[in-house]
Participant: 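A single structure is presented below for examination.
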Protein chains: 2
Amino acid sequence: MMILGTTIKDIAKLAGVSPATVSRVLSGQTDFYSEKTAKKVQQAVKKLGYRKNTNAVELVTQKSHVLAVIISTIQTNAADQIINGIQETAIKNNLDVIILYAGEKNADLQKKALKTVIERSVMGILLVAIDLNLQNEALLKSAKIPFLFLSIGFLENRFPFISSDDFKVGQEATQYLINKGHTKIGFAAANSESNIGQLRLAGYWKALSQHHIKPKLDWAYDGEYTYEDGIQAMNYYHQHTDLTAAVASSDLAAIGMLNQAKSLGIRIPEDFAVISIDGTFLCTIMRPQITSVTQVFREMGVKGVETLVKQTSKPFKSLYTPIKITERESS
Amino acid sequence: MMILGTTIKDIAKLAGVSPATVSRVLSGQTDFYSEKTAKKVQQAVKKLGYRKNTNAVELVTQKSHVLAVIISTIQTNAADQIINGIQETAIKNNLDVIILYAGEKNADLQKKALKTVIERSVMGILLVAIDLNLQNEALLKSAKIPFLFLSIGFLENRFPFISSDDFKVGQEATQYLINKGHTKIGFAAANSESNIGQLRLAGYWKALSQHHIKPKLDWAYDGEYTYEDGIQAMNYYHQHTDLTAAVASSDLAAIGMLNQAKSLGIRIPEDFAVISIDGTFLCTIMRPQITSVTQVFREMGVKGVETLVKQTSKPFKSLYTPIKITERESS
DNA sequence: CTGTTAGCGCGTTCAG
DNA sequence: CTGAACGCGCTAACAG
């Protein structure tokens, strides 16, 4: 239920001017009205408690200042960092930000979120860690609203994105462990069905092969970034392999590995080294602190908004943000 | 920039009917049109790729199906649970949810978020862990939009809210430690300037006094729910007190205490017991796992939406959600 | 069952 | 500098 408020007509009447004049004053069009009328209008506004009707404004102007962020369920604060970057940059550009949750692998929720923002004709859409199904891809494209994927990359530039180079992520993580003297290196919670997972695995294999290491098939343990997947991976490694180190596909997965290692009496990093992918605050509050391939999530958000704002008619160029190894205590 | 799409007029023309009929078909008003016309309309829609203009709809109907959630960046672990509850319940009630970040103690950001949702005349506003300043309180009230605070309570029913009973939170946490045999009990990162902090402290003192324990002034160590505050509290306790246990005002603060204890060679729980307030997943991934006063954040979200939906003209009744002690390894 | 008319609140011509 | 008139896209009221 919407409560009808005072309109520019009401305040026009009270101020003794026309609605058009009120509109000019309120939308801050300098030099199109006299000081005197401006004051009259502002007094009337204060008295009646006017509030703008954005629906009407956007309907007539055919423009929106709203930037929509569609996000999948947050498990770590990676998304928090991205959102902080988005928010800050949006403010600089005079944009309002609305965030919609699309759940996790829930096509219906995704669709609902997409429809919501499309039907409101937002000025742009940022998709954070969203894995769209085909139908929703079509929906997104048909809307003709500028959009950009964040923290998720695509092959062959299927969609514009800003993310880490996940091949390099896998490669550098593995290279780091090799440099530490390891030769039997796993990849835990690899998520091999996703683009990201495949790219990281490819990087992992590349690094191994560069050092003439032949990975066994079960060195890559599948999973989905979760704490539980980390636990299971460590369990499996312990029972079935002689690995001495592993890359974990997320901070949370790494924590699962650490905890399970402790349960099994495996010392980290003496018996087993772990490097995680993400580098959120979780890495620093764990003991041992977790070495990570650190992604610059905040920067993804910043760059994402900037790209959308500078948007011309030509398509976006996708962009890789830098990664770095942050050495801590788990390796 | 908004791209003009096809309107009901366009599809009306193609289908050979009037815009009103198109509107009826599209808004699913059953029994107000024939099968035949419905089909004609739907074909035209498919061909032209129509998408609804929600601004126009809301402008004319004076109604919105959008529920706005304003959220602060603090407590983001808990906020996830609240949002899940909100989202799920919103879907059941055919509501769209938009989330706005209001930063942390940032009056300008708060104001911006409030204005954004107010000027869009959302059907309701849920404020999650938001501490409004006076000016923004006035803004919120003046909007005449139903609202509700979540996870934050007020004295004297100044605003409607759904939260844990923070007096009880402080009292039961303390009582738990007393039951464990402790008599020298601190309260870390107490946040004594906030309503919540004061209520919890009051509960803490009550529990102590019920057992004839006279707390020293410096047993309550101030702070703001953060990891760093937890570290500092433990440091202080170690240097200046002979406490054997403490309540931590958040899971993150508790983690800070645990880590600092480890650095100082203090064993948890043998030398020092900790119970944290919140009970998010952080408690279970730490080693030792952290005993907590567990709040039902998800339920706050569910109840919040339900309350807003059932809203009549009379004011909300505020509501306490249950708490429980979840014993783990830190005590 | 369907078309016509009117108007939601606002910004924007176009005259004055 | 200001007002009158128009229309954004849509639904609701009222006829037919």
Side-chain angles (χ1 to χ4, degrees), chain A residues 1-42 44-45 48-65 118-122 143-144, chain B residues 1-42 44-45 48-66 118-123 143-144:
Chain A
M1 182 92 73
M2 187 190 274
I3 286 80
L4 323 80
T6 45
T7 73
I8 55 170
K9 265 187 195 168
D10 302 321
I11 84 128
K13 210 181 297 173
L14 183 64
V17 296
S18 77
T21 300
V22 175
S23 170
R24 287 189 268 251
V25 173
L26 259 38
S27 47
Q29 305 185 19
T30 36
D31 297 341
F32 277 97
Y33 49 82
S34 68
E35 278 290 308
K36 226 172 55 183
T37 46
K39 264 184 194 159
K40 281 195 293 187
V41 168
Q42 270 143 14
V45 164
L48 297 184
Y50 170 78
R51 79 176 200 244
K52 168 165 65 179
N53 183 325
T54 305
N55 282 328
V57 174
E58 292 190 354
L59 184 58
V60 63
T61 60
Q62 302 283 76
K63 272 178 195 166
S64 170
H65 287 154
I118 288 173
E119 292 176 350
R120 295 192 161 267
S121 300
V122 297
K144 312 283 185 206
Chain B
M1 182 93 74
M2 186 189 275
I3 287 80
L4 325 78
T6 44
T7 72
I8 54 170
K9 267 189 195 168
D10 301 322
I11 83 127
K13 210 181 297 174
L14 183 64
V17 296
S18 77
T21 300
V22 175
S23 170
R24 287 189 268 253
V25 174
L26 260 38
S27 46
Q29 304 188 20
T30 36
D31 297 341
F32 277 96
Y33 49 83
S34 69
E35 278 290 309
K36 224 172 57 182
T37 46
K39 265 183 192 161
K40 282 195 294 187
V41 167
Q42 270 144 15
V45 164
L48 297 184
Y50 170 78
R51 78 176 201 247
K52 167 165 68 179
N53 184 324
T54 306
N55 282 328
V57 174
E58 292 191 354
L59 183 59
V60 60
T61 60
Q62 301 283 75
K63 271 179 198 171
S64 170
H65 287 154
V66 174
I118 288 173
E119 292 176 350
R120 293 189 162 270
S121 300
V122 297
M123 61 74 69
K144 312 285 184 206

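Nothing here was measured: the structure is a model prediction, and the numbers come from that model. Here is how names work: the chains are called A, B, and so on, in the same order as the sequence lines, proteins then strands, and each is numbered from 1. Hydrogens, waters and symmetry mates are skipped; everything else that's a heavy atom, side chains included, is used.
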Participant: Does C:dC10 have OP1 or OP2 under 4.0 Å away from a side-chain N or O of A:Ser23?
Facilitator: no
Participant: Report yes if a donor N or O on one partner sits less than 3.5 Å from an acceptor N or O on the other, where the partners are the side chain of A:Arg51 and the base of C:dG9; otherwise report no.
Facilitator: no
Participant: Is B:Thr37 near enough to C:dT2 that one of its side-chain N or O atoms lies under 4.0 angstrom from OP1 or OP2?
Facilitator: yes
Participant: Using a cut-off of strictly less than 4.0 Å, decide whether A:Gln62 has a side-chain nitrogen or oxygen near OP1 or OP2 of D:dG7.
Facilitator: no
Participant: Side-chain contact, heavy-atom cut-off 4.5 Å: B:Val22 with B:Lys40?
Facilitator: no
Participant: Name all residues meeting the side-chain contact (heavy atoms from CB on, under 4.5 Å) criterion together with B:Lys13; count only those two or more places apart in sequence or in a different chain, and write none if there are none.
Facilitator: none
Participant: Distance check: side-chain N/O of A:Thr7 vs OP1/OP2 of C:dG9, anything under 4.0 Å?
Facilitator: no
Participant: Under 4.5 Å between any side-chain heavy atoms of B:Tyr33 and B:Val41, yes or no?
Facilitator: no
Participant: Using five base pairs at each end to define the local axes, how bent is the helix from C:dC1-D:dG16 to C:dG16-D:dC1, to the nearest 10°?
Facilitator: 40°
Participant: Reading DNA chain D from 5' onward, which residue's closest nucleotide shows up sooner: B:Arg24 or B:Val57?
Facilitator: B:Val57
Participant: Mind calculating the distance between CD (A:Glu58) and P (D:dC10) to the nearest angstrom?
Facilitator: 15 Å
Participant: What distance separates A:Asn53 CG from B:Glu58 CD, expressed to the nearest 0.5 Å?
Facilitator: 9.0 Å
Participant: Side-chain contact, heavy-atom cut-off 4.5 Å: B:Val66 with B:Arg120?
Facilitator: no
Participant: Nearest-Å distance, CG (A:Leu59) to P (D:dC8)?
Facilitator: 9 Å
Participant: Any side-chain N or O of A:Tyr50 below 4.0 angstrom from OP1/OP2 of C:dC10?
Facilitator: yes
Participant: Do the side chains of B:Ser27 and B:Lys52 get nearer than 4.5 Å, heavy atoms only?
Facilitator: no
Participant: Between B:Thr61 and D:dC10, is there a contact of a side-chain N or O with OP1 or OP2 at under 4.0 Å?
Facilitator: no
